[in-house]
Amino acid sequence: MILSSLCIAYAGLLALALAMDRHHEQVFARRPSARTSRLLGWAGWLALALSLPPAVMAWGWAIGIPAWLGLLTVAAAALVLLLSHAPRAALRLGPVALVCAPFPTLLG
Amino acid sequence: MTTLPSRLRFGPDGRRCLDVASRSLAGIGGGYALAAVAAMFLALALPMPRAEAVYTATMLSFVIHAGAVVWAFAVRSRWVWPGLLAPTLLLGGGTWLLHGLQQGAPS
Amino acid sequence: MKDGFRQSMAWLHTWSGLLLGWLLFAVFLTGTIAYFRQEVTVWMQPELHGSVPDAGTAERAVERMGQLAPDASQWTIALPGERTPAVSVSWRPADAKPNDRAALKRATLDAGTGAVLEPRETAGGNFLYRFHFELYGMPRETARWIVGIATMAMLVAIVSGIITHRRIFKDVFTFRPEKSALRSWMDGHVAAAVLALPFHLMITYSGLLLFMTMLMPWAVDLAYDGDRQAYFAESGFRRAASTPRPAPQTAALTPVAPLLAEADRRWADRGGVGSLTVTNPGRANATIELRPAESDSIGRGAATERLLFDGVTGQALEAPPADPQPAAMATGNYLMGLHLARFAGPGMRWLFFVSGVAGTVMVGSGLILWVVKRRSQRGRAENWAAGPEPFGHRLADRLNIGVVAGLPLAVAAYFWANRLLPVGLEERAGWEIGVFFLTWAAALLHAPLRPSRRGWAEQLWIGAALFTLLPVLNLATAAGHLGNSLPAGNWLLAGFDLTALAVGLLLGFAARKVGRNAFARKSAPAPVLPAGAVVEEPT
């Protein structure tokens, strides 16, 4: 559950970062079109919203919300470090995280 | 930060120092007084059981103090003291009235 | 107009953060470690490392209590779990007053044998925990006021910081270590602040709430005419412990195993039974109360679910209901509960720890930023000729060295002292703390004696070495070293060693960066701090 939330949160934050000119350029060496940027932004917020339920399921609302915020902190810290030192790896980790997200939950 | 914040720039250095000192004193001391009086007023005024009203009021007072400090540095110099003292006195008067009423007769 | 406003806020942010920043750094650092204070204490008591719990631990402990304190009016037995391998017991002698905590007697039992263990005298993680809100060696109330004022300064710094950098959310993913020192410190400061902003707000505000009656007593004193005890009783914070008097008839205590089995089933997802309280053991009116290891409620003072049994027949009794809390108290207690994190299981505890590290980095980078910014301004051509660096800048820089690099060094020295001081030393716990403060004082004195970068590099290197070698020290002085703890899956001890190793490597990384810059740019006019890479003008 916790890892699922973390994975989805990472993918979401990555999408949000890629929606910004500065980080899109960091990864792709060009600016995103307005459309791409908007789509990435929506996808990012959607993923962030989706990362909440696993945390709440694991911990309940009272602990789940602060836990989710903590997971966002961890995911974002990883993203910031990766973006600045290995932008391509930051990008590749996104889909990997998304694909892996269901497994921790399914495996229990 | 070599360029002084324009609202804090008050001409010669001495004046600016005085301004900063005045704002700090107003924010920290005056802000605390405002927060304390607001806590007392709310503790009596909030329509809750006594312990709850006291608790809520005290919780809010920290927000009020922090807000007062920020406010003291946000407005023009001449507003700082009146802006903090006026609500303090007003709430103080209200507290005095409420306390008097709740004690039976205004003291 | 708008710019003036933001500049005022920037000014407020800078100074409210700087003036008490060194204290706040110490509070954040020690408070962050305090999330693992039990684990730290266990590491610091190698005598407990051999204690291995099994299925019979609770029964054994109860039996042992019958020998240790047959006449006590109450036993409390905290069972081992993820955070401690040994059994902590305490009992109230028959003649002690019900609310007199000082009268409680304590002991530590081996979970496998029930033998009384004699761990070395140490304040353990508790010293760091206490230090983060009561400092040391001064009246408790004074220290709490000092920390309370610093906490208010922190709240002001956070609020004014948010106003100043309205655009922080745009810059949140940005970290440019290849840019100028000023730029990369700014990026790091903003990232550490924004990424854990909810945590920073929660920890600061709830920190004030934890002292609320001391810092802001006016509402209580007015509404209760100065009778604070009445307020505490009415608001449900201090429930008077009501212990029924022991019955004159004696009776044997019921076997606890069936009660524990029932409770363990019920609390399977909450770590099973965490503690037992036996009231009036050996008497006809004995009761046994069980609590789960992990509470399901966060709130401070909020009663968790308990199971109560008749101590003679073993029949389940109706447990006292958990008092519902009014919304205001529930909110405050929720925030304070998050601050204290007593409810937190290991995963949650690590999240708090990481957020605490972010807070520590935020304060530390803010302090360094203050100096870097002024140096880079002076570094500009027209300013550089202006003479030697002003005293204030040098003072701040040296304090930064002695606190940001020196305090981790002192913490490491505290752990080393724990293992190197003779076990039988008089006042041993005090000596360990003495080593902590002596090391810190040495770091603060060392800083002004060395050129800035050298000072940074040297203290960071020593800190790195001390932390990296902690697992080796553990190997040399205790059985619970990585060679044993890892194969046994003992994450309690392995976690400490591995974290120490990681901290050591990070400090070493920082030291290398500062050191390299120090030697590469020896003659450069802009001695910018351990930041990233090349020193250049801010854009």
C:T174 and side chain to side chain contact (heavy atoms under 4.5 Å, CB included): which partner among A:H23, A:M20, A:Q26?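 Result: among A:H23, A:M20, A:Q26, A:H23 is the only option passing the side chain to side chain contact (heavy atoms under 4.5 Å, CB included) with C:T174.
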
Gap separating the [atom1] atom of [X] from the [atom2] atom of [Y], nearest 0.5 angstrom:
{"X": "A:I2", "Y": "C:W350", "atom1": "CD1", "atom2": "CH2", "value": "14.0 Å"}
{"X": "A:L72", "Y": "C:F199", "atom1": "CG", "atom2": "CZ", "value": "14.5 Å"}
{"X": "C:F175", "Y": "A:L83", "atom1": "CZ", "atom2": "CG", "value": "12.0 Å"}

Give me the atom names and distance for the closest heavy-atom approach of [X] to [Y].
{"X": "C:L195", "Y": "A:A76", "value": "CD2-CB, 3.4 Å"}
{"X": "A:P66", "Y": "C:L338", "value": "CG-CD2, 3.7 Å"}
{"X": "C:M348", "Y": "A:A67", "value": "SD-CB, 3.4 Å"}

Any side-chain heavy-atom pair of A:I63 and C:F343 under 4.5 Å: yes

Within the 4.5 Å heavy-atom criterion, are C:F173 and A:L13 side-chain neighbours or not?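 Yes, their side chains come closer than 4.5 Å.
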
Atom CZ of residue position C:F509 - does it have more than 12 heavy atoms of other residues, nucleotides or ligands inside 6.0 Å? no

